[in-house]
Amino acid sequence: MKTSTFHLVTSRETPADAEIVSHQLMLRTGMIRKLTAGIYSWSPLGWRVLKKVENIVREEMDRAGYLEMLMPAVQPAELWRETGRWEDFGGQLLKMRDRAGRDFVFGPTHEEVITDIARNELRSYKQLPVTFYQIQTKFRDEIRPRFGVMRAREFLMKDGYSFHIDEDSLDKTYWEMYEVYSRIFSRAGLKFRAVRADSGAIGGSASHEFHVLADSGEDQIAFSDGSDFAANIELAEVLPPPQERPAPTADIELIDTPDAHTIEELVNQFDLPIEKTVKTLVVEAAETSASDLIALLVRGDHTLNEFKAVKLEQVASPLRFATEEEIRETIGAGPGSLGPVKLNIPCIADASVAVMSDFVSGANQDNKHYFGINWDRDVPLPAVADLRNAIEGDPSPDGKGKLRLARGIEVGHIFQLGTKYSTAMNAVVLGEDGKSHVMPMGCYGIGVSRIVAAAIEQNHDDRGICWPEPIAPFRVAVLPMNAKKSHRVREAAEKLYADLTEAGVEVLYDDRNVRPGVMFNDMELIGIPHRVVIGERGLDKGLLEYRLRTSSENENIPLEGALKNILARLSG
RNA sequence: CGGGGUGUAGCGCAGCCUGGUAGCGCAACUGCUUUGGGAGCAGUGGGUCGGGAGUUCGAAUCUCUCCACCCCGACCA
């Protein structure tokens with residue numbers, strides 16, 4: 001491809017409404033253009049990348065024996081009423097009506113359609129297991145689309161669905177899919193983690209999210225440095241501390257703390273180690289509880305894990321923090337002065353709090369704290385539970401290694417659905433036993449367009465994008481220096497371009513009559529992995545210049561045999 | 001949905017407070033020069049100032065209203 005005939009429209013300035021680097025770079029390179037909130041066009045440049053990702057997904061799915069198909073994007077409401085999701089799916093479901101007044105949706109996902117096909121076409125266990133997939137534009141009417149294609153309303157998704165005679169078969173396909181997904185993200189050149197996820201209310205057994213690791217990720221994940229354990233921070237179990245509670249060494253004292261209403265203020269004003277403080281959070285109690293409110297205790301430097309808290313039977317679901325008025329009315333002190341001693345509501349302590357001694361906490365009187373508190377001696381130890389978020393350095397729940405924290409971008413999700421949809425829609429087959437069996441299902445998603453943005457988040461520098469080679473829009477950039485004036489340069493560049501193209505390499509040949517700096521900057525901005533510069537200077541010595549996008553060093557390569565030399569440098 | 005903010009040329013912005021018919025940088029176009037890290041000079045084109053209504057002799061500017069977009073939160077995954 002020559003730049004003179006390719007639609008290359010780059011911008012030096014960063015658009016004002018792009019927050020994260022992938023969005024900024026996708027706009028500056030011209031890969032995408034916004035049509036309206038959360039809806040984007042892909043330019044020829046962006047589309048090349050999107051297709052690369054799509055093809056890797058397709059090839060690996062096909063290789064595993066899964067069957068590609070294409071389902072309608074527009075679906076009749078009846079199907080959604082059948083599973084109850086016409087009402088339950090919520091505002092993300094884009095509903096529309098045809099001229100006859102019939103209701104439709106623009107598909108945000110395709111469980112209903114595929115289950116309808118399955119119940120019509122699958123009759124016998126002999127047809128199972130079977131896995132269908134498609135790569136298609138989805139629409140979810142996000143409340144707040146943002147970050148460009150990272151969280152768009154219209155996006156490209158690979159969605160797959162498997163059907164089985166029993167749970168064992170589902171489990172087998174699920175773990176195969178786990179491997180297929182790992183291969184896909186590896187092939188795309190991305191650093192990722194498979195993360196255990198919340199299987200949620202649907203009741204399916206297993207669920208994993210695949211996260212591309214990037215500092216700007218919306219999800220926090222915890223993973224072990226000594227095993228392949230990884231979990232969403234919400235789900236990462238914290239093991240009880242191994243040590244015994246130390247014996248008391250201090251007396252309990254009631255101290256005036258007029259200006260300390262947060263742990264931070266307390267620690268600063270009294271020069272306390274933060275690990276010696278206890279935070280008291282008050283939430284609504286479960287209806288079965290004798291009290292309206294319940295207190296949750298975590299160490300001053302820890303944070304409450306709301307997912308863990310809400311799972312406790314004593315705590316109301318959904319979790320709701322008590323208002324300041326409720327706290328004052330019930331306890332008689334403000335939220336900045338609460339603690340377990342002489343507390344008139346039930347309380348649950350995090351396991352880390354249970355092994356503390358000589359600690360500091362609120363006195364349940366405004367502007368006063370108790371110092372030197374000890375369990376049993378000053379106040380009975382309450383119920384103990386795992387309440388806090390894991391932190392860096394906690395032992396891994398599987399007993400191997402320590403936890404590290406990282407941020408991730410969710411690009412894939414695999415899920416054992418069970419029979420939720422097949423039951424609702426009566427998708428059954430005859431088994432070997434001659435009886436009807438409701439088919440357990442799995443569903444498997446990959447955010448294809450989101451991968452493009454995630455790849456940029458993970459692979460960029462201050463000059464622009466540094467594409468992993470398998471998803472780069474072009475692999476080699478050929479840049480002639482001052483070609484207008486030099487026949488030799490022009491001829492050498494044309495020849496290299498022709499040779500590489502002939503060899504099946506995707507080359508972008510910059511034949512614009514622009515200054516070298518413009519070429520360098522554009523090619524670096526759009527992130528082409530390999531660059532070859534051809535100039536008079538080098539040709540005099542029979543040399544070309546080669547540079548890897550991620551390197552800052554030029555390398556001279558002989559003009560003679562340059563094609564072979566360059567081909568050897570391409571990866572994959 | 002609640003709170004905050006912004007809409008002026010393709011992009012980034014000034015002008016608005018204090019009303020007098022629109023400007024800067026980049027980009028684009030033409031010519032000449034230039035050509036190893038976003039060139040220089042000269043010239044050119046491009047804006048119903050988000051829409052509507054009102055106040056006024058006169059509105060980008062003041063008032064009302066609608067719309068769009070962005071940010072924070074809630075919601076959703």
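Chain naming here is simple, since letters A, B, ... match the order of the sequence lines and numbering starts at 1 in each.
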Please determine if Glu111(A) and Arg85(A) form a salt bridge, counting it only when a charged side-chain N lies under 4.0 Å from a carboxylate O. yes
Just by modelled atom types, is the Ser422(A) backbone N or O under 3.5 Å from a matching donor or acceptor in the Thr419(A) side chain? no
If the C1' atom of rA42(B) is compared with that of rU6(B), how far apart are they to the nearest Å? 38 Å
Quick one: label Gly90(A) by what it contacts on the DNA or RNA (base, sugar-phosphate, nothing), any heavy atom closer than 4.0 Å. nothing
May I have the distance from Ile143(A) (atom CD1) to rG2(B) (atom C1'), rounded to whole angstrom? 12 Å
For rU8(B) versus rU61(B), give the span between their P atoms, rounded off to a whole number of Å. 14 Å
Is Arg463(A) touching bases, backbone alone, or none of the nucleic acid, heavy atoms closer than 4.0 Å? base
Mind checking whether Phe210(A) and Tyr178(A) have ring centres under 6.0 Å apart? yes
For Val195(A), does its backbone N or O pair with a side-chain atom of Glu209(A) as donor and acceptor, under 3.5 Å? no
What is the distance, rounded to the nearest whole Å, between atom CD of Gln92(A) and atom C1' of rC75(B)? 9 Å
Please tell me which of the listed nucleotides, rU34(B), rA77(B), rG37(B), lies nearest to the side chain of Arg531(A)? rG37(B)
Please report the distance separating the P of rA28(B) from the corresponding atom of rU18(B), rounded so that it comes out in whole Å. 41 Å
Could you list the residues that satisfy salt bridge (Lys or Arg N to Asp or Glu O under 4.0 Å) with Arg450(A), not counting sequence neighbours? none
Hey, does Val9(A) reach any base, or is it just sugar-phosphate, or nothing, if we go heavy atoms under 4.0 Å? nothing
Thr36(A) side chain vs Ile39(A) backbone, donor-acceptor pair below 3.5 Å: no
Would you mind telling me which of rU35(B), rC76(B), rC71(B) lies closest to the side-chain atoms of Glu142(A)? rC76(B)
To the nearest angstrom, the CD-C1' distance between Gln220(A) and rA77(B) comes to 17 Å
Under a 3.5 Å limit for both distances, which nucleotide forms a Watson-Crick or G-U wobble pair with rU35(B), could you say? none
Give me the distance, rounded to whole Å, that separates rG7(B) from rC66(B) when you measure between the C1' atoms they each carry. 14 Å
Name the nucleic acid region contacted by Glu19(A), choosing base, sugar-phosphate or nothing; use a 4.0 angstrom heavy-atom cut-off, strictly under. sugar-phosphate
Go through Asp386(A) and Lys311(A) one step at a time and tell me if the salt bridge (charged side-chain N to carboxylate O under 4.0 Å, His left out) criterion holds. CA-CA 11 Å; Asp386(A) 174 17; Lys311(A) 282 184 184 147; over 6 Å; no
Whole angstrom value for the distance that separates P of rC71(B) from NE2 of His23(A): 9 Å
Taking N and O atoms by type only, does the side chain of Glu524(A) place a donor or acceptor under 3.5 Å from a partner on the base of rG37(B)? yes
Just how far, in rounded Å, is P of rA77(B) from CE of Met157(A)? 14 Å
G-U wobble or Watson-Crick pairing nucleotide for rC17(B) (cut-off 3.5 Å, both distances): none
For rA22(B), give the paired nucleotide (Watson-Crick: N1-N3 plus N6-O4 or O6-N4; G-U: N1-O2 and O6-N3; both under 3.5 Å), or none. none
Of the listed nucleotides rG36(B), rG37(B), rU35(B), the one nearest the side chain of Arg537(A): rG36(B)
P atom, rA59(B) versus rG50(B): distance in rounded Å? 15 Å
rA74(B) pairs with which nucleotide, Watson-Crick or G-U wobble, both distances below 3.5 Å? none
Atom NE2 of His211(A) and atom C1' of rA77(B) are separated, to the nearest Å, by 10 Å
rG15(B) versus rC62(B) - spacing of their C1' atoms, nearest Å: 16 Å
Integer-rounded Å distance: rC1(B) P and Asp141(A) CG: 12 Å
If only side-chain N and O atoms of Arg515(A) are considered, is one of them under 4.0 Å from the OP1 or OP2 phosphate oxygen of rA39(B)? yes
Under the 3.5 angstrom rule, does the side chain of Asp141(A) hit a backbone N or O of Leu94(A) as a donor-acceptor pair? no
Using atom C1' of each nucleotide, how far apart are rG4(B) and rA77(B) to the nearest Å? 26 Å
What are the residues of residues 539-561 of chain A, sorted by number, that bring a heavy atom to within less than 4.0 Å of RNA chain B? Glu545(A), Arg547(A)
Need the pair for rU30(B). Rule: Watson-Crick or G-U wobble, both distances under 3.5 Å, any strand; none if unpaired. rA42(B)
Ala498(A): which residues meet the side-chain contact (heavy atoms from CB on, under 4.5 Å) condition with it, sequence neighbours left out? none
Just call it for Arg320(A): base, sugar-phosphate, or nothing, with non-hydrogen atoms closer than 4.0 Å on any strand. nothing
Any side-chain heavy atom of Ile221(A) sitting closer than 4.5 Å to one from Leu213(A)? yes
Look at the side chain of Asp522(A) against the base of rG38(B) and say whether a donor-acceptor pair falls under 3.5 Å; ignore hydrogens and angles. yes
Which of parallel (below 30°), tilted (30 to 60°) and perpendicular (above 60°) describes Tyr174(A) and Tyr444(A)? tilted
Non-neighbouring partners of Glu19(A) that pass side-chain contact (heavy atoms from CB on, under 4.5 Å), sequence neighbours left out: Phe147(A)
Would a 4.5 Å heavy-atom cut-off, applied to side chains only, mark Arg151(A) and Glu218(A) as touching? yes
Counting side-chain heavy atoms from CB outward, which of rU35(B), rA77(B), rG38(B) is closest to Pro516(A)? rU35(B)
Measuring only the P atom in each nucleotide, how far is rA9(B) from rU63(B)? A whole number of Å is fine. 22 Å
Return whichever of Ile534(A) or Arg151(A) has its heavy-atom-nearest nucleotide of RNA chain B closer to the 5' end. Ile534(A)
Closer than 4.0 Å, any side-chain N/O of Arg146(A) to the OP1 or OP2 of rC71(B)? no
Enumerate the residues from residues 26-45 of chain A whose closest heavy atom to RNA chain B is under 4.0 Å, giving them by residue number; use none for an empty result. Arg28(A), Lys34(A), Thr36(A), Ala37(A)
Here the distance between atom C1' of rA27(B) and atom CZ of Arg512(A), to the nearest Å, is 13 Å
Identify the nucleotide, in any strand shown, that forms a Watson-Crick or G-U wobble pair with rU6(B), with both distances under 3.5 Å; if there is none, say none. rA68(B)
Just call it for Arg140(A): base, sugar-phosphate, or nothing, with non-hydrogen atoms closer than 4.0 Å on any strand. nothing
For the rings on Tyr133(A) and Tyr66(A), is their centre-to-centre separation under 6.0 Å? no
Does the structure show a Watson-Crick or G-U wobble partner for rA53(B), both distances under 3.5 Å? Name it, or say none. rU63(B)
I need a per-nucleotide contact map over nucleotides 10-15 of chain B, read 5' to 3'. Cutoff is protein heavy atoms under 4.0 Å; write B for the base, S for backbone only, - otherwise. -BSS--
Just checking, any donor-acceptor pair under 3.5 angstrom between side chains of Asp171(A) and Gln416(A)? yes
For Thr14(A) and Gln24(A), does a side-chain donor sit closer than 3.5 Å to a side-chain acceptor? no
